[in-house]
Asks: 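Encoded as structure tokens, here's the structure I'll be asking about.
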Amino acid sequence: MIDKINDTENQKDNFKEKIKNLLTNHIVTVVFAVLCLIGFKASGLTFSFYLNDIITRISRNAFLVLALIIPVLAGMGLNFAIVLGAMAGQAAIIAVAHWGITGWQGILLCAVIAAPLAIIFGYLTGKLLNNTKGQEMITSLILGFFANGIYQMVFLILVGSIIPMKNEELILSTGVGVRTTIDLTGKLKYGLDDIFKLSFPMFVLLFSVALAIYVIFKYHNNRSLKEFNNKKYKAIGVTSLLLITFSIISMNAAGLFQSFGDSSEIARKILLELIMINNVKVPIVTGVLITLLCLFNIFISKTKIGQDFKSVGQDMHIATVSGINSNKIRVIAIVISTVLAAWGQIIYLQNLGTFSTYGSHEQVGMFAIAALLIGGASVTKATIGQALLGTVLFHTLFIVSPLAGRNLFGDPQLGEFFRAFVAYGVIGLSLGMHAWKQQIQARHKL
């Protein structure tokens, strides 16, 4: 009896300890998840409206956030220099818009043109960061401001004067300099997103069927009931069944509404919401590109160069002594990140449909880094899950804040101020916490 009481007490202590560790290690993510829930409730938005907006924003921004992971893996911190990659992407878009190539062919040409530019920018950035070891983040931030000045000079002064370009839609009336705003409608807008779309319920159905096939495949491979009963596979199996049920009900919501819509107010609201969800579209090609980048990050982390990234990130001195060319590895990490950022900016702008020639790239680094940190990443550790979760939470705040501000305080501008404060505040808080942890660890070593 006493042993049983002691076991119960130990289980309670372990549970409390797990909760404490969870809150300590993921406090930023937990706080933002709570803020998102409160903001969603206060905004009064319907779930279908939120779902439509968040899918658009994830497909627009996730690629850029994922571009930050490899430099973190290599111990170079958060790459504020992805602004240079964004500039390469924008330069390619301006060129392709000038030549009048539209649709997915134009997007593909943008990616081809942006890649060598981004490789050169990434190489020069990597060389610079190797000369400023220990100060990579502030160096890359200042480098972004410096590169912005050169970018402004090229597209405001050189284009039309030294660089020949005669296009009334792109060039200012003086004949020198690119217009402040470029409209991509009828050119590159939705060049990727419109290739192939599926309704959200159909997307969920295919995704959940793939999950179910994965569980069955694992069962046949292991031929072990013990392995199959593993909590992870059971959770995946149950989740896939629930998702299949949800998608089938959603796709038949209109028929169900005619049969049961008048039976109760709650059933009527739920079925109307499901009917609206049927109208939400998922851009499959963009989603496939984001998935391929996730797979690329997983793949490269398991290769020789991926192991070198981790070794250099953990301790550069030991990695160098072990025969790894640390400087070369760091340059490769930044080059990959810059190229991915260039492609990410192309995906971002084709979805947006218009961009500010001299301003669209300025906040790219800040917003991508804020999203990564909100997902629970730090300057020394970042995962794909954290990047995607952070993108969802960050953009959820962007969706709900204006309406929540209007409903709570009567002024939507307060919501705008709040989300701008969130973007910069979370970066400052995370960097401060990282410095504080380093000080604590240094004291423990003494």
Asks: Taking T357's backbone N and O only, do any of them form a donor-acceptor pair with S360's side chain (distance below 3.5 Å, no angle check)?
Replies: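 It does not hold such a pair.
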
Asks: Begin from the C-alpha positions of T181 and S356 and carry the test side chain to side chain donor-acceptor pair (under 3.5 Å) through to its verdict.
Replies: CA-CA 5 Å; T181 304; S356 167; 5.4 Å; no

Asks: Looking only at heavy atoms, which two atoms of S378 and L373 are closest? And how far apart?
Replies: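 Residues S378 and L373, closest heavy atoms: CA-CD2, 4.2 Å.
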
Asks: Is there a donor-acceptor pair closer than 3.5 Å between any side-chain N or O of S199 and the backbone N or O of K281?
Replies: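 Judged by distance alone, no pair lies under 3.5 Å.
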
Asks: Would you say the side-chain atoms of S401 pair up with the backbone N or O of F398, donor to acceptor, closer than 3.5 Å?
Replies: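 Not confirmed, S401 side chain does not pair with F398 backbone.
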
Asks: Work out which heavy atom in L188 is nearest to a heavy atom in C110; give both atom names and the distance.
Replies: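 Smallest heavy-atom distance, with atoms named: CD1-SG, 3.9 Å.
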
Asks: Supply the atom-to-atom distance I82 CD1 to I369 CD1, rounded to the nearest 0.5 angstrom.
Replies: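 Here the rounded value is 6.0 Å.
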
Asks: Among residues at least two apart in sequence or on other chains, which ones pass side chain to side chain donor-acceptor pair (under 3.5 Å) with T185?
Replies: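 Only D183 meet the side chain to side chain donor-acceptor pair (under 3.5 Å) criterion with T185.
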
Asks: Please check this pair: side chain of Q386 against backbone of T383, looking for a donor-acceptor N/O pair closer than 3.5 Å.
Replies: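 Answer holds: yes.
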
Asks: Within a radius of less than 6.0 Å around NZ of K133, do more than 12 heavy atoms belonging to other residues, nucleotides or ligands occur?
Replies: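 Count over threshold, so yes.
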
Asks: Distance under 6.0 Å and angle within 45° of the ring axis: does K197 meet both against Y190?
Replies: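 Yes, K197 sits over the ring of Y190.
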
Asks: Describe, in one word, how the ring planes of F367 and F394 are oriented to each other, choosing from parallel (under 30°), tilted (30 to 60°) and perpendicular (over 60°).
Replies: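 Tilted: the ring planes of F367 and F394 meet at 30° to 60°.
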
Asks: Using modelled atom types and a 3.5 Å cut-off, is there a donor and acceptor pairing between side-chain atoms of T29 and backbone atoms of I374?
Replies: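 Here the side-chain-to-backbone pair exists.
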
Asks: Under the side chain to side chain donor-acceptor pair (under 3.5 Å) rule, collect the residues that match up with K310, sequence neighbours excluded.
Replies: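 By the side chain to side chain donor-acceptor pair (under 3.5 Å) rule, K310 matches no residue at all.
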
Asks: Who pairs with T239 by side chain to side chain contact (heavy atoms under 4.5 Å, CB included), at least two apart in sequence or on another chain?
Replies: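 For T239, the residues satisfying side chain to side chain contact (heavy atoms under 4.5 Å, CB included) (neighbours in sequence not counted) are L243.
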
Asks: Check whether any side-chain heavy atom of V321 sits under 4.5 Å from a side-chain heavy atom of I318, and report yes or no.
Replies: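 Side chain of V321 against side chain of I318, heavy atoms only: no contact under 4.5 Å found.
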
Asks: Keeping W104 on the side-chain end and L192 on the backbone end, is there a donor-acceptor pair under 3.5 Å?
Replies: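 No.
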
Asks: For a 4.5 angstrom cut-off between non-hydrogen side-chain atoms, does V331 reach N327?
Replies: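 No; the side chains remain at least 4.5 Å from each other.
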
Asks: Counting N and O atoms only, with roles assigned by atom type, does the side chain of Q152 sit under 3.5 Å from a partner on the main chain of Y358, one being a donor and the other an acceptor?
Replies: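 Judged by distance alone, yes, a pair lies under 3.5 Å.
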
Asks: Keeping Q345 on the side-chain end and Q90 on the backbone end, is there a donor-acceptor pair under 3.5 Å?
Replies: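 Judged by distance alone, no pair lies under 3.5 Å.
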
Asks: Indicate yes or no: at least one non-hydrogen side-chain atom of V154 is less than 4.5 angstrom from one of I163.
Replies: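 Of all side-chain heavy-atom pairs linking I163 with V154, at least one is under 4.5 Å.
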
Asks: Which atom pair, heavy atoms only, marks the closest approach of A387 to I69?
Replies: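 For A387 and I69, the tightest heavy-atom pair comes out as CB-CD1, 4.2 Å.
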
Asks: Do F40 and Y50 have ring centres separated by under 6.0 Å?
Replies: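 Ring-ring flag for F40/Y50: true, centres closer than 6.0 Å.
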
Asks: Spell out, as yes or no, whether a donor-acceptor pair under 3.5 Å connects the side chain of E273 to the backbone of T46.
Replies: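 A pair under 3.5 Å: no.
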
Asks: May I have all residue pairs that pass side chain to side chain donor-acceptor pair (under 3.5 Å) and include part of residues 58-75, sequence neighbours excluded?
Replies: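 Every side chain to side chain donor-acceptor pair (under 3.5 Å) pair that includes a residue of residues 58-75, provided the two are not neighbours, is R60-N351, N61-H395.
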
Asks: Going by side chain to side chain donor-acceptor pair (under 3.5 Å), name the pairs with one or both residues in residues 283-293, residues two or more places apart or in two chains.
Replies: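 Sorted pair list: D193-T286.
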
Asks: Answer yes or no: does atom CE of M202 have more than 12 heavy-atom neighbours from other residues, nucleotides or ligands under 6.0 Å?
Replies: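 No.
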
Asks: What pairs of residues pass the side chain to side chain donor-acceptor pair (under 3.5 Å) test when at least one of them lies in residues 116-130, not counting sequence neighbours?
Replies: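 The answer is N130-R330.
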
Asks: Would the distance check show the side chain of T338 and the main-chain N or O of A118 forming a donor-acceptor pair, the cut-off being under 3.5 Å?
Replies: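 Pair absent, no side-chain N/O of T338 close to backbone of A118.
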
